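Data first, discussion second: the structure below is written as structure tokens.
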Amino acid sequence: MTFDPTINAGNVLVLGLAILGFIGAWYKFGGRIDMLEYKVDLVEKTLLVISDTLKKIAESEKKMAVMDERQLALERGQAASLDAIEGLRRGEGYIQFRRSNLDGEYSK
């Protein structure tokens with residue numbers, strides 16, 4: 001089998017159709033590639049918004065943990081204060097002397 005380098009009408013027609021096909025495909029897929037790039041940009045922007053939101057959620061969870069610790073400390077302080085008040089009512093505080101006969105009742 002040998003290669004025939006002669007140029008004839010059939011070869012020119014096939015070459016022209018191939019060039020037209022490449023140009024048509026370039027225009028057809030070029031628009032779609034632009035649209036694909038546009039959609040990829042939108043997806044990237046959406047992912048950035050989602051990542052920022054997740055960071056804010058993580059920060060708010062840390063703040064919530066700090067607030068929970070503060071609330072727990074306040075509750076412990078309140079419980080200690082209530083115990084001290086109850087002790088004063090029973091006469092067990094440092095302000096009043098110890099009474100063994102009066103259990104939180106005051107005489108009228």
Side-chain angles (χ1 to χ4, degrees):
M1 184 162 174
T2 60
F3 176 69
D4 187 16
T6 58
I7 299 174
N8 57 20
N11 291 340
V12 172
L13 182 63
V14 168
L15 182 63
L17 288 175
I19 290 173
L20 287 175
F22 282 124
I23 292 172
W26 182 265
Y27 281 118
K28 181 77 172 174
F29 293 120
R32 290 187 181 180
I33 289 174
D34 290 340
M35 184 59 77
L36 182 63
E37 288 175 357
Y38 176 72
K39 288 181 180 179
V40 167
D41 287 340
L42 288 178
V43 168
E44 288 176 351
K45 288 178 184 177
T46 304
L47 288 176
L48 284 175
V49 169
I50 290 172
S51 67
D52 289 340
T53 305
L54 289 175
K55 287 178 186 176
K56 289 178 183 177
I57 288 172
E59 290 173 3
S60 66
E61 286 179 357
K62 289 178 186 176
K63 290 179 183 177
M64 288 290 289
V66 169
M67 285 191 285
D68 286 343
E69 288 294 323
R70 288 179 183 170
Q71 181 182 0
L72 185 61
L74 289 173
E75 287 175 358
R76 286 179 185 158
Q78 182 184 13
S81 297
L82 289 176
D83 288 342
I85 291 170
E86 187 64 29
L88 288 173
R89 285 184 183 155
R90 295 179 184 271
E92 298 171 355
Y94 60 90
I95 296 174
Q96 298 180 1
F97 61 91
R98 297 194 182 273
R99 291 184 248 170
S100 61
N101 61 354
L102 189 61
D103 190 17
E105 296 290 329
Y106 295 102
S107 61
K108 294 182 179 183

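Since the model is a prediction, treat every value here as computed from it, not as a measurement.
Note that the CD atom of Glu59 and the NZ atom of Lys63 stand 6.5 Å from one another [nearest 0.5 Å]. A distance of 10.5 Å separates CD of Gln78 from CG of Asp83, quoted to the nearest 0.5 Å. In this structure, Asp52 CG and Ile57 CD1 are separated by 11.0 Å, a value rounded to the nearest 0.5 Å. Between atom CD of residue Glu86 and atom OG of residue Ser81 there is a gap of 13.0 Å, rounded to the nearest 0.5 Å.
Judged as a side chain to side chain contact (heavy atoms under 4.5 Å, CB included), and not counting sequence neighbours, the contacts of Gln71 are Asp68, Glu75. Every side chain to side chain contact (heavy atoms under 4.5 Å, CB included) that Ile50 has, sequence neighbours left out, goes to Thr46, Leu54.
Lys39 is not listed as a side-chain neighbour of Val43, based on a closest heavy-atom distance of 4.5 Å or more. Using a 4.5 Å heavy-atom threshold, the side chains of Glu44 and Leu48 count as separate.
Using a 4.5 Å cut-off between side-chain heavy atoms of Ile, Leu, Val, Met, Phe, Trp and Tyr, with links allowed through other members, Leu72 and Met64 fall into different hydrophobic clusters.
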